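No experiment lies behind these values; they were computed from the predicted model shown. We count ligands from 1, going down the list as the structure has it; atoms in each ligand are counted the same way.
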Amino acid sequence: MTAAWSDQKRGFLACAEHALALGGPGAGKTHVALVKAGDEIRSGVLKPGQKILFLSFARPTVARILEKASELISREDLQWLEVSTYHAFAWSVLKSHAYLLNGKSGVQLLPPPEAAAHLADIGKDSHDAEKQRLFEQEGRLHFDLFARLVGELFRRSGRLARIFSDSYPVIILDEFQDTNSDEWSLIQQLGQRSRLIALADPDQRIYEFRGADPRRVGEFLDVFRASHFDFAGENHRSGGTDITTYGNDLLTGANKGRTYQQVKVSRYGFMFGKSLHFSTKAAVCTALARLRNVPDKSIAILVPSKRLMLELSDYLSSAGDGLPELHHDVAMDAEPPALAAGVIATLLEGGPAGEVASRMLAALHSHIRGRRGAKPTPQTELDLAGALSGFITTGKIAGSKRKLIVSEVHRISNERQLLTLTGDPAADWLHLRGLLALSPATALKQVAMDARYLRLLHRGSVLRANLGGLWRTQGGYRGAEDAVRSALLQEHFAAAQKDWRGIHLMTIHKSKGKEFDEVIIYDGMFQRIARKPDDAKACAQDLLALRVGVTRAIRRATILTPKSEPCPFL
Ligand SMILES: Nc1ncnc2c1ncn2[C@@H]1O[C@H](COP(=O)(O)OP(=O)(O)OP(=O)(O)O)[C@@H](O)[C@H]1O
């Protein structure tokens with residue numbers, strides 16, 4: 001690629017030591033790092049079997065980096081580049097070596113939905129110790145331990161660390177500002193022998209809640225005596241627009257009262273007879289019209305919470321209020337649909353009614369405990385789950401709502417006995433989901449509701465293939481529970497070959513590292529961008545997140561905020 005590189009980028013490309021590249025949104029950090037990877041590959045520094053490792057946080061970002069890499073690096077040279085998430089890299093080490101740490105053969109992954117159910121009534125302060133115990137005593141591995149355990153393996157075995165560093169003599173660390181302490185200690189091990197190239201924007205540090213630390217960038221410079229490059233002022237994403245200016249003004253409050261060409265703030269209110277989300281959907285339609293002649297156009301709708309995301313997704317998919325159905329992709333969390341799928345799988349699997357009922361109750365127990373993911377489960381729900389598991393062992397349960405759940409589970413399990421399934425996994429799945437949706441028990445209705453979002457996990461084809469395979473070999477779905485579990489587990493490692501064209505709905509946090517022609521940010525009436533306007537620390541994080549969201553736009557950003565109480569950052 002011939003480009004008019006800035007001096008800083010030229011220096012970065014020529015640097016043969018540990019390096020840190022800083023730059024704002026769209027400064028071209030990822031781009032120039034890929035060019036550097038390509039240069040190094042062509043220079044012949046790599047020996048057979050060696051690769052440059054490009055580490056990022058999320059699978060969709062990996063998909064995006066791979067796409068960019070294929071534009072900048074020849075097909076032949078791409079074989080020398082491995083783009084991976086921290087998780088996938090760590091798993092590649094732990095799969096074969098975790099036994100060195102816990103003395104147990106065959107480490108078993110604890111999928112996040114199951115982990116959430118397991119940890120639901122353990123105080124947050126004790127989660128870490130419990131995850132460690134699960135690994136050491138039961139050989140079950142929580143995703144959160146990945147980086148820490150690999151760091152520990154490398155610390156304890158210099159030989160193993162040498163082997164991996166020899167395989168990856170150059171490692172590029174994307175979004176370095178969001179590295180937590182476990183990832184940082186793993187990086188410190190790798191950096192003893194591999195050459196590190198960190199890419200960072202301290203003002204895009206939006207993951208403090210998972211351990212990102214404002215000191216990390218300084219620590220990198222100190223520990224590795226890295227050469228330091230700054231691409232300040234460069235913007236290759238939205239050049240010629242005032243989107244980045246707006247993003248930077250947000251940080252100082254200079255945006256307030258000012259007008260911008262490519263960032264529009266729109267204040268919406270209640271509209272009689274229309275959904276509250278009407279203005280947002282209308283803004284998406286307007287953006288689509290503006291982009292009608294743009295090939296491969298992409299639009300992101302960014303919202304502050306997952307709840308709002310699902311509500312809006314339902315509304316986008318409807319044809320209400322005179323607006324068309326809008327086909328869109330949703331960046332969905334796995335816990336609610338995966339655990340709901342576990343309940344439906346017990347029905348698919350079938351067997352004697354009594355057995356189906358107990359397996360269904362056990363799966364329901366996990367669904368209630370785990371569906372909130374990393375968020376705490378309310379005590380009333382934990383009590384309900386506890387009462388169900390008590391029923392499984394004692395056969396006793398008190399309270400009319402709880403009794404209703406148990407009687408409904410038995411009724412549906414009996415109904416299952418009378419059913420003739422068709423062998424078409426999708427039809428059978430929908431039929432069983434329908435039985436739950438019609439139940440008067442709220443907990444079962446919730447399962448049906450959560451299962452509706454299974455399609456959003458994009459594991460439908462694997463799931464159908466697994467279930468179809470069972471039917472073909474035995475004329476039934478025995479093994480369905482395992483088949484569903486394994487299809488959903490793959491979700492965590494599958495290379496998300498995402499198509500970024502079209503409309504994408506996600507939380508503001510999920511937009512990090514991505515870019516879209518237009519970005520629409522929806523500050524909900526009840527789900528706010530500024531979650532706690534009186535809490536300075538929370539506001540600082542929410543503001544950084546808003547800046548990340550706005551600066552994902554290539555052409556234009558629109559922010560919708562309630563007229564009655566506009567977002568304090570605007
Ligand atoms: N030198 C360049 N020539 C052409 N296009 C570039 C150049 N540098 C960056 N781009 C393009 O600009 C966009 C933003 O670049 P990139 O994603 O590398 O920025 P970044 O600094 O990693 O951004 P962010 O931190 O906001 O994720 C991408 O579409 C990229 O392909």
Tyr268 six-ring face occupied by Lys563 cation (under 6.0 Å, within 45°): no
Could you measure the distance from the [atom1] atom of [X] to the [atom2] atom of [Y]? Nearest 0.5 Å is fine.
{"X": "Ser227", "Y": "Glu17", "atom1": "OG", "atom2": "CD", "value": "4.0 Å"}
{"X": "Ser511", "Y": "Ile206", "atom1": "OG", "atom2": "CD1", "value": "6.5 Å"}
{"X": "Ser313", "Y": "Leu308", "atom1": "OG", "atom2": "CG", "value": "11.0 Å"}

Heavy atoms only, cut-off 4.0 Å: how does Gln204 contact ligand 1, side chain, backbone, both, or neither?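 The part of Gln204 near ligand 1 is the side chain, not the backbone.
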Give a yes/no on ligand 1: does [X] have at least one heavy atom closer than 4.0 angstrom to it?
{"X": "Glu234", "answer": "no"}
{"X": "Ala33", "answer": "no"}
{"X": "Gly23", "answer": "no"}
{"X": "Trp5", "answer": "yes"}

Taking [atom] as the point of reference, which of [options] owns the nearest heavy atom?
{"atom": "atom 10 (N) of ligand 1", "options": "Lys514, His236, Glu515", "answer": "His236"}
{"atom": "atom 23 (O) of ligand 1", "options": "Gly26, Ser6, Ala21", "answer": "Gly26"}
{"atom": "atom 17 (O) of ligand 1", "options": "Arg237, His31, Lys29", "answer": "Arg237"}

Distance-minimising heavy-atom pair for Leu302 and Thr507: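 Nearest pair, atom of Leu302 first, then Thr507: CD2-O, 4.3 Å.
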Sub-3.5 Å N/O-N/O distance, Arg552 and ligand 1: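 Looking only at distances, the answer is yes, because the N/O contact criterion of under 3.5 Å is met.
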Can you find an N or O of Gly28 that's nearer than 3.5 Å to an N or O of ligand 1?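 There is such a contact, yes.
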Numbering the atoms of ligand 1 from 1, which are under 4.0 Å from a heavy atom of [X]?
{"X": "Gly24", "value": "21 (O)"}
{"X": "Pro25", "value": "26 (O)"}
{"X": "Lys68", "value": "28 (C), 29 (O), 31 (O)"}

Of Phe146, Phe57, Trp91, which is the lone residue that meets side chain to side chain contact (heavy atoms under 4.5 Å, CB included) with Tyr86?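 Exactly one pass, corresponding to Phe57.
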Stepwise, does the ring-ring contact (aromatic ring centres under 6.0 Å, His included) test hold for Phe12 with Phe231? CA-CA 10 Å; Phe12 173 74; Phe231 311 148; 5.8 Å; yes
With no hydrogens and no angle check, just 3.5 Å: does a side-chain donor-acceptor pair link Ser6 and Glu234? yes
With a 3.5 Å cut-off and no angle check, do the side chains of Tyr260 and Asn255 form a donor-acceptor pair? no
